[in-house]
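Contents: one structure, followed by commentary.
So you know, we letter chains A, B, ... as the sequences are listed, proteins then strands, and number each from 1. Below, all heavy atoms of this structure are taken into account, side chains as well, without hydrogens, waters or symmetry copies.
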There are 2 protein chains.
Amino acid sequence: MSHTPGVRQAQKQKTRQALLDAALRLLAEQSLSSLGLREVTRVVGVAPAAFYRHFRDMADLGVALVEESLGSLHGMIRGILAERDGDDERIEATVLAVAEYVRTHPAHIRFIARERHGGVRPVREAIAAQLDRFTDEVAEAFQVGLEYRGWSAADLRMLAGLYVDHMVMTATAFLEAQPVRDVGEGAEGGAGADQGAGEGAGAGGMTEAERRIADLAHRQLRLVAIGRRHWHDG
Amino acid sequence: MSHTPGVRQAQKQKTRQALLDAALRLLAEQSLSSLGLREVTRVVGVAPAAFYRHFRDMADLGVALVEESLGSLHGMIRGILAERDGDDERIEATVLAVAEYVRTHPAHIRFIARERHGGVRPVREAIAAQLDRFTDEVAEAFQVGLEYRGWSAADLRMLAGLYVDHMVMTATAFLEAQPVRDVGEGAEGGAGADQGAGEGAGAGGMTEAERRIADLAHRQLRLVAIGRRHWHDG
DNA sequence: TCATTCAGTAAACAACCGTTCTCTGACTTT
DNA sequence: AAAGTCAGAGAACGGTTGTTTACTGAATGA
């Protein structure tokens with residue numbers, strides 16, 4: 001399409017990303033409908049008018065944040081469901097993956113949880129659409145599994161919806177268990193792993209609060225799995 | 001305590017309630033952290049400064065709205081769980097009750113859904129506390145049921161949490177199925193039932209969209225009930 | 001009856017908001 | 001090398017915000 005990989009476009013996308021990052025950071029302590037355009041540009045260090053070169057308004061930026069937030073998680077879950085089989089193993093892997101994702105991208109999933117029912121229509125709709133796609137994919141992953149003969153498409157989607165909803169709730173529960181982390185991640189890009197001291201351990205370790213939530217989610221998922229197994233015999 | 005049932009106090013509480021109602025109406029299309037103090041007083045028709053006679057700030061008003069929103073629902077669910085027994089009957093009654101409550105108090109539950117993870121800390125905490133109490137009560141209601149021998153307290157709370165979370169999600173699903181209802185309920189007080197023509201039917205009738213949600217919730221709850229029944233046999 | 005309380009008024013305050021203009025200067029294309 | 005594009009700067013605009021001040025006048029208690 002555009003045959004210009006030039007320095008121009010690169011710089012533009014750089015400040016665009018800076019705007020997204022700044023917004024995400026500010027959204028840790030307020031909701032989108034109260035986030036000001038000037039507030040964002042001030043953090044980035046550009047003039048307020050520059051905002052309009054990238055987004056129509058804050059709602060537009062919000063929709064972009066939805067894609068950024070759910071895009072990667074999307075691929076991740078798909079991978080887990082594909083390569084594992086057996087209920088318990090899948091449950092274990094999923095819960096651990098969600099916990100890890102929340103730890104590495106707290107601001108993103110906080111944003112999703114906050115704006116899922118928030119005050120900005122387009123953002124709500126974008127999130128709903130993404131979660132719907134999620135449900136479709138989970139249902140599809142179930143369908144290729146051997147243990148779902150005799151399940152109608154509607155029942156499969158019902159079950160998938162149950163899992164997706166529970167995943168979202170577990171994620172937000174993990175979030176609330178986390179410390180406040182007043183200064184924003186920074187995360188993405190090449191900046192290297194911040195293996196600071198203190199609490200937040202590496203891949204395996206969990207806070208006590210986190211462990212309790214993981215255990216709860218674990219048991220709830222197991223109960224659902226049992227219900228699924230006996231679905232067709234009264 | 002205060003031996004003054006006077007006209008004074010009555011008028012004060014009247015405008016206090018007017019402020020709450022106005023805020024709730026305005027919150028249909030934005031979130032609390034963006035709702036202005038002046039915006040509310042303007043709708044009510046009082047001077048901005050009058051606001052401070054009733055609330056410290058908008059967060060304070062938000063906490064009051066939480067009590068108003070979840071207080072009544074609270075008693076309702078407790079009643080249902082007490083007087084029914086048998087899974088299917090309980091499920092049926094609960095889903096219907098939630099649907100009815102959403103239809104009669106849409107603004108309240110929209111507020112709860114929106115601010116549960118919203119940008120105002122005290123409000124979030126108030127909602128979390130209320131939902132926690134909910135979970136406790138459901139767990140307690142289960143405990144008196146005959147069919148829960150051998151269940152640990154932790155498992156009972158786990159199950160109750162599953163039900164409460166699902167109830168909240170079902171309620172918000174019902175909400176999204178509703179038309180926009182641009183002018184706010186008015187509801188409470190003596191103003192009489194607005195049995196307008198058109199869609200929203202009486203106690204029994206449901207929209208097509210509502211019926212689909214009810215059916216989905218139904219099946220999901222049944223699956224959980226089955227899982228519960230086989231919880232203790234692999 | 002008189003003094004007191006206090007819900008609500010009216011006005012002013014500095015601070016901030018989103019949006020619109022014109023302008024500049026580094027990059028791109030020809 | 002000249003012409004064109006376009007991300008961002010800078011300033012100005014009308015409007016709204018939360019909060020404070022001094023005030024009024026009807027309901028209250030002695």
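- Note on A/Phe51: nothing from the nucleic acid sits closer than 4.0 angstrom, heavy atoms only.
- Of the two residues near DNA chain D, A/Arg16 and B/Leu35, the one whose nearest nucleotide lies more 5' is A/Arg16.
- Atom-to-atom, CZ of B/Arg38 to C1' of C/dA10 comes out at 11 Å; the value is rounded to the nearest Å.
- At a cut-off of 3.5 angstrom, counting only N and O atoms as typed in the model, there is a donor on one side and an acceptor on the other between the side-chain of A/Arg8 and the base of C/dA26.
- The separation between A/Arg56 atom CZ and C/dT20 atom P is 12 Å, rounded to whole Å.
- Rounded to whole Å, atom C1' of C/dT28 lies 11 Å from atom CD of A/Gln9.
- Looking at A/Leu96 and A/Met206, their side chains come closer than 4.5 Å, going by heavy atoms from C-beta outward.
- Within a 6.0 Å sphere centred on CD of A/Glu67, heavy atoms belonging to other residues, nucleotides or ligands number more than 12.
- For the pair B/Arg116/A/His117, no side-chain contact is recorded, criterion being any heavy-atom separation below 4.5 Å from C-beta on.
- Applying the 4.0 Å criterion to OP1 and OP2 of D/dG8, one finds that A/Thr15 has a side-chain N or O inside that range.
- Positionally, the nearest nucleotide of DNA chain D for A/Ala50 lies more toward the 5' end than for the other of B/Ala49 and A/Ala50.
- Listed nucleotides D/dG8, D/dG18, C/dT9 differ in distance to B/Val46; the shortest reach to its side chain belongs to C/dT9.
- For the pair A/Asp57 CG and C/dT19 C1', the interatomic distance rounds to 12 Å; values are reported in whole Å.
- Counting any heavy atom pair closer than 4.0 Å across all strands shown, B/Arg42 reaches sugar-phosphate atoms only and no base atom.
- Side chain of B/Tyr52, nearest nucleotide from C/dT28, D/dT20, C/dG18: D/dT20.
- In this structure, B/Arg53 atom CZ and C/dA10 atom C1' are separated by 13 Å, rounded to whole Å.
- Atom CD of B/Glu39 is separated from atom P of D/dG18 by 8 Å (rounded to the nearest Å).
- With contacts defined as side-chain heavy-atom distances shorter than 4.5 Å, the pair B/Tyr163/B/Leu221 qualifies.
- Salt bridge A/Glu39/A/Arg42: absent, no basic N to carboxylate O contact under 4.0 Å.
- Between A/Gln13 atom CD and D/dG8 atom C1' there is a gap of 17 Å when expressed in whole angstrom units.
- If you take CD of B/Gln11 and P of D/dA27, they are 9 Å apart, rounded to a whole angstrom.
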